[in-house]
Each structure stands twice: as C-alpha cells, then as structure tokens.
Amino acid sequence: MTEQAKVPAIRFAGFTDPWEQRKLGELSSEFQSGDFISAEKILASGPYPVYGGNGLRGYAKRYNHDGFYALIGRQGALCGNVNTAVGKAYFTEHAVAIKANSLHDTRFLVHLLRCMDLGQYSGQSAQPGLAVGVLKEVETTVPSKVEQQAIGSFFSRLDDLITLHQRKYDKLVIFKKTMLEKMFPKDGESVPEIRFAGFTDPWEQRKLGEFSKKNTIKNANGALSETFTNSAEQGVISQLDYFDHDITNDANISGYYVVQPDDFVYNPRISATAPCGPINRNRLNRAGVMSPLYTVFSVDASMDKTYLEHYFKTSRWHDFMFLEGNTGARSDRFSISDATFFEMPIWCPEISEQMAIAKQLETTDTLITLHQRKYDKLVIFKKTMLEKCSRKMVSLYPKFALLVLLTLGNSVSWGIQQEEHHQER
C-alpha cells in the first residue's frame with residue numbers, strides 16, 4: 001500500500017499523518033469470547049445485562065466484564081454483527097469482547113468493525129462461526145488515537161441522534177394510540193374519557209349514511225389514468241408507489257370509480273392491522289380511480305373530515321362490522337353490503353369539538369412524521385458513511401457532518417464544533 005493510499009481523501013482539519021496498517025489483534029488489550037451461562041440463569045430482569053452474539057439476551061445476577069466494549073457475534077446467520085456494551089455486564093461465549101489498548105480508541109474500533117464485513121471470515125459450515133484467532137489476524141488501516149477519537153465521537157454522536165429520534169417517534173406513537181383510545185367514547189358510554197375544556201354536551205350516534213354518500217361516478221371517458229390503492233399502513237396512495245408498477249388493466253379502467261380529493265375509501269381486504277379492512281381519506285390533493293372492489297364515499301359539511309379520518313383509525317367501528325358482515329368466500333376479504341355499511345353508527349360530538357380533536361391528533365401526526373423523517377435521514381447518512389468506510393477507509397466525515405447539519409439544523413451543530421476544535425489544535 002502506497003503512502004498516498006494510506007491518507008484519506010477528506011479528513012478533519014489538523015490531521016495529516018498517514019494511516020497505518022495493523023492487525024485487529026494489535027489494536028486491542030482484550031480480544032476474547034465471553035463465558036458460557038445456562039439458560040435458566042438468564043433472567044427477564046436483573047442487575048446485569050447479558051449479551052450474546054446478537055445483542056441483549058436478558059439479565060443475570062453476576063457480571064464478567066466492566067467497561068466499554070465492542071461485541072462481535074461469532075455464531076449463526078448473523079455472525080459478524082457488531083454491538084456495544086457499557087458498564088458491568090455478562091458476555092456469553094457467542095460474543096467476542098474487544099477493548100482497545102492504550103494506543104487506540106474503542107469507540108473508533110466499533111465503527112471500524114461495523115464496516116469490515118466480518119461475516120466473510122466465518123467458517124463454511126451449516127452453522128457459520130467466527131474464530132477469535134482468525135479475527136485477530138484480519139488487517140485494516142487506522143489513524144492516530146487522537147484522530148480515532150474524533151471519528152469515533154462523530155459516529156457515536158450520530159448514533160445518539162438516531163436513538164433520540166427513534167425514542168421520540170416511539171413515544172409519540174404510543175401517545176397517539178392512547179389518545180385514540182381515550183378521546184372517543186368506549187362501549188356503553190356517551191362521552192370519552194378525555195375531553196378538551198369547555199365541552200360538556202353528550203355525544204350522539206349518527207349513521208354513516210346520514211352525512212355521507214357513496215360515489216358511483218365511473219371513469220367512463222377515460223379522463224383519469226392514475227389508479228389509487230388503499231393501504232392499511234400507507235393510506236390512499238398511487239398504485240405505482242405501492243406496487244412499483246401499474247397493475248391496472250387498461251381495458252377495465254373505464255369501469256373504475258372516480259376518487260376525488262378528500263373522498264373516503266373502504267378497502268375490504270383484511271390484515272393484521274385492519275381486521276375488517278381499512279378506511280382512509282384521499283389526501284393526495286388530486287383525483288384518481290379505484291377498482292369497483294373498493295367503496296368510495298364523500299362526506300358533507302356537517303362532519304369534520306379530519307375527525308372522521310382519525311375515528312376510522314380507532315377500533316370503535318369494528319364491532320358493527322363484525323356483527324353485520326363476514327369474511328365471505330375469500331378469507332382475506334371482508335364482505336358487507338353497501339346498504340348495511342352505511343348503517344354504521346359513528347360517535348359524533350358537536351362540530352367545534354370534532355375540530356378540536358382533529359387538530360390535536362393532526363399535530364401529533366405531524367410530530368410523528370417529523371421524527372420519522374429525521375430518523376430515516378440519519379440512518380441513510382450513517383449507512384452511506386459505513387459503506388464509504390468499507391472502500392479503503394475513505395474518510396467523508398466532515399462532508400457528511402455538513403450534510404446532516406443542512407438537513408437537520410441546529411440539532412447537529414456538534415459536527416461543526418468538532419471541526420473547530422481540531423482547527424484550534
């Protein structure tokens with residue numbers, strides 16, 4: 001390897017020394033498998049976490065390691081995956097525990113190991129496995145400890161951001177689910193468990209058909225060519241986006257129903273998340289067409305559309321469907337007549353309370369989407385960086401720090417601060 005090849009294309013300011021070729025065993029003060037522990041000694045809760053080849057397995061009453069470690073899974077289909085452990089913990093024989101020596105940084109080693117595709121060194125057998133002796137002999141290139149610390153800190157802070165947004169997303173999803181349960185009346189009650197201040201009137205039940213009307217306009221002249229589908233997870237979306245290709249038979253599209261913006265669509269296809277099929281609203285801000293297998297309906301001004309949309313995210317209407325309909329001849333489709341469907345009772349407060357509920361749930365949805373997008377972008381950035389790492393350790397850390405900063409704003413200002421710190425050295 002030439003000296004030029006040992007110098008990354010882009011680096012933190014202040015670092016100019018070439019990277020050096022080393023064996024993994026030369027970087028570590030500890031590099032060994034953990035110890036056997038019987039299954040009955042792995043508990044659901046306890047003082048010390050137990051880590052196996054694929055991460056946390058449970059808890060134990062004793063520990064065999066203390067500190068910050070990189071853990072390599074050494075057996076099974078996922079051998080070569082890399083996790084971390086901090087503090088007192090028990091490592092099983094299926095995990096290889098690694099701690100850097102005084103000349104190197106363990107956090108850097110974690111991210112280095114993750115981009116080395118360690119699974120390629122497993123033995124070729126029915127049960128893949130990594131030998132500690134083989135891993136110790138694997139060669140790589142590393143910079144000075146100070147540069148390792150800068151790189152390790154960058155990745156660790158990026159991991160912290162990913163975890164932060166994942167936790168915020170998870171909490172908001174749980175919060176939304178709780179609100180959906182508590183902001184609509186339960187069976188046998190006429191008011192919900194939680195209400196906004198100022199609203200005291202009882203809710204009333206109205207039949208769906210009292211404020212909605214089935215859309216029967218067909219695409220007779222073929223004016224619309226985009227076919228929609230109604231997904232339980234993604235809502236009303238373009239068929240091209242859902243299937244990655246158009247599955248519509250052009251010969252039949254003239255018989256499809258027209259779906260206008262804000263129309264509601266019932267899909268009779270059942271799933272684990274939609275046991276009697278989903279009802280979603282067309283939020284695409286454009287018209288399209290739907291197969292006659294779907295029920296399309298519009299709602300008048302006496303009902304807040306956003307309130308009704310969130311109402312259909314609850315299970316309050318499922319009892320009626322199960323009572324009046326059935327799964328029909330096909331076990332994956334729910335069967336209910338149009339006349340019966342529009343007899344469905346809907347719990348309705350006055351319109352101002354509907355709007356207040358809708359506004360709260362929309363705000364929560366916006367926050368959920370925000371943190372999901374930030375999480376997704378950070379995961380993509382990290383994946384790209386790790387891919388770059390695997391290509392002769394080409395260092396793109398400052399470049400990606402700037403990209404993350406531009407994407408996510410002040411929440412990652414640490415990236416610039418890290419560079420400034422090294423410019424001062």
Side-chain angles (χ1 to χ4, degrees), residues 1-3 5-8 15 17-37 50-55 63-125 127-156 159 385-395:
M1 180 181 290
T2 65
E3 288 299 308
K6 294 180 182 179
V7 178
F15 297 110
D17 294 338
W19 289 30
E20 298 179 345
Q21 191 164 330
R22 291 285 185 271
K23 295 178 180 180
L24 290 180
E26 296 173 342
L27 308 177
S28 312
S29 62
E30 294 184 47
F31 202 122
Q32 60 186 9
S33 299
D35 305 315
F36 172 79
I37 183 172
V50 176
Y51 292 95
N54 295 322
Y63 65 92
N64 59 2
H65 289 78
D66 187 4
F68 181 77
Y69 285 84
L71 299 177
I72 302 175
R74 59 181 298 266
Q75 285 189 332
L78 297 178
C79 69
N81 72 92
V82 179
N83 292 291
T84 62
V86 182
K88 295 180 174 67
Y90 194 101
F91 303 156
T92 75
E93 77 277 16
H94 298 301
V96 179
I98 301 174
K99 178 182 282 189
N101 58 33
S102 61
L103 299 177
H104 301 92
D105 181 73
T106 304
R107 292 188 184 277
F108 170 81
L109 289 185
V110 169
H111 302 292
L112 174 66
L113 293 170
R114 283 176 174 167
C115 63
M116 291 181 64
D117 187 21
L118 295 174
Q120 66 181 300
Y121 302 106
S122 64
Q124 301 301 315
S125 64
Q127 178 73 357
L130 289 168
V132 172
V134 172
L135 290 174
K136 283 184 175 182
E137 294 298 313
V138 174
E139 293 186 341
T140 186
T141 54
V142 295
S144 67
K145 183 175 181 178
V146 177
E147 189 171 1
Q148 289 181 32
Q149 290 172 331
I151 295 169
S153 176
F154 180 91
F155 276 111
S156 295
D159 282 341
M385 282 185 273
L386 290 175
E387 288 175 350
K388 295 296 183 182
C389 282
S390 66
R391 296 173 188 151
K392 298 182 181 179
M393 291 302 295
V394 176
S395 178

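What's counted below: heavy atoms across the whole structure, side chains too, no hydrogens, waters or symmetry copies.
For the pair D105 and K145, the salt-bridge criterion is not met [side-chain N within less than 4.0 Å of a carboxylate O].
From E139, atom CD reaches atom CZ of R22 across 10.5 Å, with rounding to the nearest 0.5 Å. Atom CG of residue L109 and atom CG of residue L24 lie 8.0 Å apart, to the nearest 0.5 angstrom. With values rounded to the nearest 0.5 angstrom, L130 atom CG is found 5.0 Å from L135 atom CG. Expressed to the nearest 0.5 Å, how far CD of E26 lies from CD of E137 amounts to 8.0 Å.
When each of V132, N81, L118, N83 is paired with I72, the side-chain contact (heavy atoms from CB on, under 4.5 Å) condition holds for L118 and for no other.
In terms of the ring pair (Phe, Tyr, Trp, His ring centres under 6.0 Å) criterion, residue partners of Y63 (sequence neighbours excluded) are, by chain and number, Y48. The side-chain contact (heavy atoms from CB on, under 4.5 Å) search around K99 returns S29, E30, Y69, T106, not counting sequence neighbours.
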Which side-chain N or O atoms in residues 89-98 pair as donor and acceptor under 3.5 Å with protein atoms at least two apart or in another chain?
residue, atom, partner, partner atom, Å
Y90, OH, F36, O, 2.8
T92, OG1, H94, N, 3.2
H94, ND1, Q75, OE1, 2.7

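Between L27 and H104, the shortest heavy-atom distance links the atoms CD2-NE2, 3.4 Å.
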Give the C-alpha distance, both sets of side-chain angles, the deciding distance and a yes or no for side chain to side chain contact (heavy atoms under 4.5 Å, CB included) between N64 and I37. CA-CA 11 Å; N64 59 2; I37 183 172; over 6 Å; no

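Counting only heavy atoms from C-beta outward, the side chains of V142 and F108 approach each other to under 4.5 Å. For the pair I151 and Q148, the minimum side-chain heavy-atom distance is 4.5 Å or more. In this structure, H111 and D159 have side chains that are in contact, with non-hydrogen atoms separated by less than 4.5 Å.
E147 places no side-chain N or O within 3.5 Å of a backbone atom of S144 that could act as its donor or acceptor partner.
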